Colleague: 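Have a look at this one before I ask anything.
Nothing here was measured: the structure is a model prediction, and the numbers come from that model. Throughout, residue positions are numbered sequentially from 1 according to the sequence presented.
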Amino acid sequence: MEKKTKDRIERLETEIKHLKNELRLTMLEKEKAKEDYFNTITNMDEMVMNRTREVKDLQLVLKNKANELQLMLDAAPSMIFYTDKDHRYIRVNQEFAKVFQMPVREIIGKTFSEIYPEGTDYFAKENSDVMRSGKKIINRPAFVETASGRIEVLVNKIPNKDIDGNVIGIIGFALDVTDLRRAEEEKKELEKRLEQSKKMEAIGRLAGGVAHDLNNVLSALVGYPDLI
């Protein structure tokens, strides 16, 4: 009986020892988990700060690139514009704004019909055709009525596609050729006048030659009576 009791006590003591070890390990694991948790939180805060800094740096880079792009667009002599799939302007240059005599900020977000009602039907159909077909338009002549008068432009419209080939908008260029056409007409008028001048000069030379020959004949005829 005593031996059984003794064995039982020893077993209980062993179990208690194991329980103490497990409890000690559990406490260590708890402390380690707590330490890891605080380290993770600290690291997350640092990661968030670093990510926020990276995002701000990226936003600054994108802003600078956008400004550089706008400077290049504004330096171009052509009217340049981008539209989305709903035909609303998402970017235009200063030449475009100058022709329609509107600030750029008032054009962004509007459709062509909203800034130029006179050309709504034709241009709306043309834009829809480009979006639907995905085919570009090159050097199509058109006339636009502006506050400064009627101008002639050569229009180019290129479908803007995403990586999957879907048309998501239009990139357009319109070059004002009014002065060029006027210069060509003036050149043709000058060439016509020059041609007429050359013809008159040729007629004058011909008339001078005929007069000279006639003068020689008349001189001979006038001399005959004196000889007689």
Colleague: Side-chain heavy atoms nearer than 4.5 Å, only ILVMFWY residues, links allowed to pass through others: does that put Tyr82 and Met72 together?
Modeller: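 As far as the 4.5 Å side-chain criterion goes, Met72 and Tyr82 are connected within one cluster.
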Colleague: To the nearest 0.5 Å, how far apart are CZ in Phe96 and CE in Met102?
Modeller: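 Interatomic distance, Phe96 CZ to Met102 CE, rounded to 0.5 Å: 9.0 Å.
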Colleague: Short question: side chain of Asn67, backbone of Lys63 - any donor-acceptor pair under 3.5 Å?
Modeller: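 Present.
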Colleague: Can you tell me if NZ on Lys98 sees more than 12 non-hydrogen neighbours from other groups inside 6.0 Å?
Modeller: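 Count not over threshold, so no.
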Colleague: Please tell me whether Met131 and Ile158 are part of a single hydrophobic cluster in this structure, the criterion being side-chain heavy atoms less than 4.5 Å apart.
Modeller: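 No, separate clusters.
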Colleague: Keeping Thr178 on the side-chain end and Glu152 on the backbone end, is there a donor-acceptor pair under 3.5 Å?
Modeller: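 Pair found, side chain donor or acceptor close to backbone of Glu152.
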Colleague: I'd like to know if the side chain of Ser133 and the backbone of Lys135 have a donor-acceptor N/O pair within less than 3.5 Å.
Modeller: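 Judged by distance alone, yes, a pair lies under 3.5 Å.
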Colleague: So, the side chain of Thr111 versus the backbone of His87: is there a donor-acceptor pair under 3.5 Å, distance only?
Modeller: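 Not at all, since once roles are kept as given, no pair shorter than 3.5 Å links the two residues.
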Colleague: Let me check something: do Phe112 and Val130 share a hydrophobic cluster, defined by ILVMFWY side-chain heavy atoms less than 4.5 Å apart, either directly or through other members?
Modeller: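 No, no single cluster joins them.
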Colleague: Heavy atoms only: give me the nearest Glu106-Lys110 pair and the separation to one decimal.
Modeller: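 The answer is O-NZ, 2.6 Å.
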Colleague: Count I, L, V, M, F, W, Y as connected when their side-chain heavy atoms are under 4.5 Å apart, and connections chain through other members. Are Ile170 and Ile115 then in the same cluster?
Modeller: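 They do not share one cluster, since no chain of ILVMFWY contacts under 4.5 Å joins Ile170 to Ile115.
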Colleague: For Gly134 and Pro159, work out which heavy atoms get closest and say how close.
Modeller: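 Where Gly134 meets Pro159 most closely, the heavy atoms are O-CG, 3.2 Å.
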Colleague: Indicate yes or no: does Lys125 engage Asp129 in a salt bridge with an N to O separation below 4.0 Å.
Modeller: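 Here Lys125 pairs with Asp129 in a salt bridge, since their nearest N and O are under 4.0 Å apart.
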Colleague: Heavy-atom distance under 4.5 Å between the side chains of Ile90 and Thr83, does that happen here?
Modeller: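 They are not in side-chain contact.
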Colleague: Short question: side chain of Asp176, backbone of Glu95 - any donor-acceptor pair under 3.5 Å?
Modeller: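 No, because the side chain of Asp176 does not come within donor-acceptor range (under 3.5 Å) of the backbone of Glu95.
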Colleague: Taking all non-hydrogen atoms of both residues into account, name the closest pair between Ala97 and Val104 and its distance.
Modeller: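 Of all heavy-atom pairs spanning Ala97 and Val104, the closest is CB-CG2, 3.8 Å.
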Colleague: Sub-3.5 Å donor-acceptor pair from the side chain of Asn93 to the main-chain atoms of Ile80, do we have one?
Modeller: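 Between the backbone of Ile80 and the side chain of Asn93 there is a qualifying donor-acceptor contact (under 3.5 Å).
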Colleague: Is any side-chain heavy atom of Val167 closer than 4.5 Å to one of Lys85?
Modeller: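 Lys85 vs Val167: side chains apart.
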Colleague: Tell me, do Arg91 and Leu73 make a side-chain contact under 4.5 Å, heavy atoms counted?
Modeller: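 The answer is yes, as the side chains (C-beta and beyond) meet within the 4.5 Å cut-off.
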Colleague: State whether the side chain of Asp84 and the backbone N or O of Gly169 hold a donor-acceptor pair below 3.5 Å, judged by distance alone.
Modeller: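 No; judged by distance alone, with no hydrogens or angles, the pair does not exist.
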Colleague: Working to the nearest 0.5 Å, report the span between CD1 of Ile171 and CG of Asn160.
Modeller: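 These two atoms lie 4.0 Å from each other.
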Colleague: For Val155 and Lys157, run side chain to side chain contact (heavy atoms under 4.5 Å, CB included): C-alpha distance rounded to whole Å, both residues' side-chain angles, the deciding distance at 0.1 Å, then the answer.
Modeller: CA-CA 7 Å; Val155 179; Lys157 293 182 179 179; 3.7 Å; yes
Colleague: Distance check, rounded to the nearest 0.5 Å: Tyr89 atom OH versus Ile108 atom CD1?
Modeller: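 Interatomic distance, Tyr89 OH to Ile108 CD1, rounded to 0.5 Å: 10.0 Å.
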Colleague: Any donor-acceptor pair under 3.5 Å linking the side-chain atoms of Lys161 with those of Asn166?
Modeller: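 Judged by distance alone, the side chains do not pair up.
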Colleague: Any donor-acceptor pair under 3.5 Å linking the side chain of Gln70 with the backbone of Val92?
Modeller: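 Answer holds: yes.
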Colleague: Treat each ILVMFWY residue as a node, draw an edge where side-chain heavy atoms are under 4.5 Å apart, and state whether Val144 and Ile138 are in one component.
Modeller: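 Result: no, two separate clusters.
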Colleague: Between atom CG of Leu175 and atom CG of Leu154, what is the distance when rounded to the nearest 0.5 Å?
Modeller: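 Going from CG on Leu175 over to CG on Leu154, the span is 6.0 Å.
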Colleague: State, yes or no, whether a side-chain contact exists between Val153 and Met79 at a heavy-atom distance under 4.5 Å.
Modeller: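 Yes, side chains in contact.
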Colleague: Could you walk me through whether Asn156 and Lys136 pass the side-chain hydrogen bond (donor to acceptor under 3.5 Å, both in side chains) test, one step at a time?
Modeller: CA-CA 7 Å; Asn156 297 270; Lys136 58 187 176 182; over 6 Å; no
Colleague: Can we call the ring centroids of Phe173 and Phe81 under 6.0 Å apart?
Modeller: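 No, too far apart.
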Colleague: Taking Asp74 for its side chain and Gln94 for its backbone only, find out whether a donor-acceptor pair lies under 3.5 Å.
Modeller: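 Side chain of Asp74 to backbone of Gln94: a pair is present.
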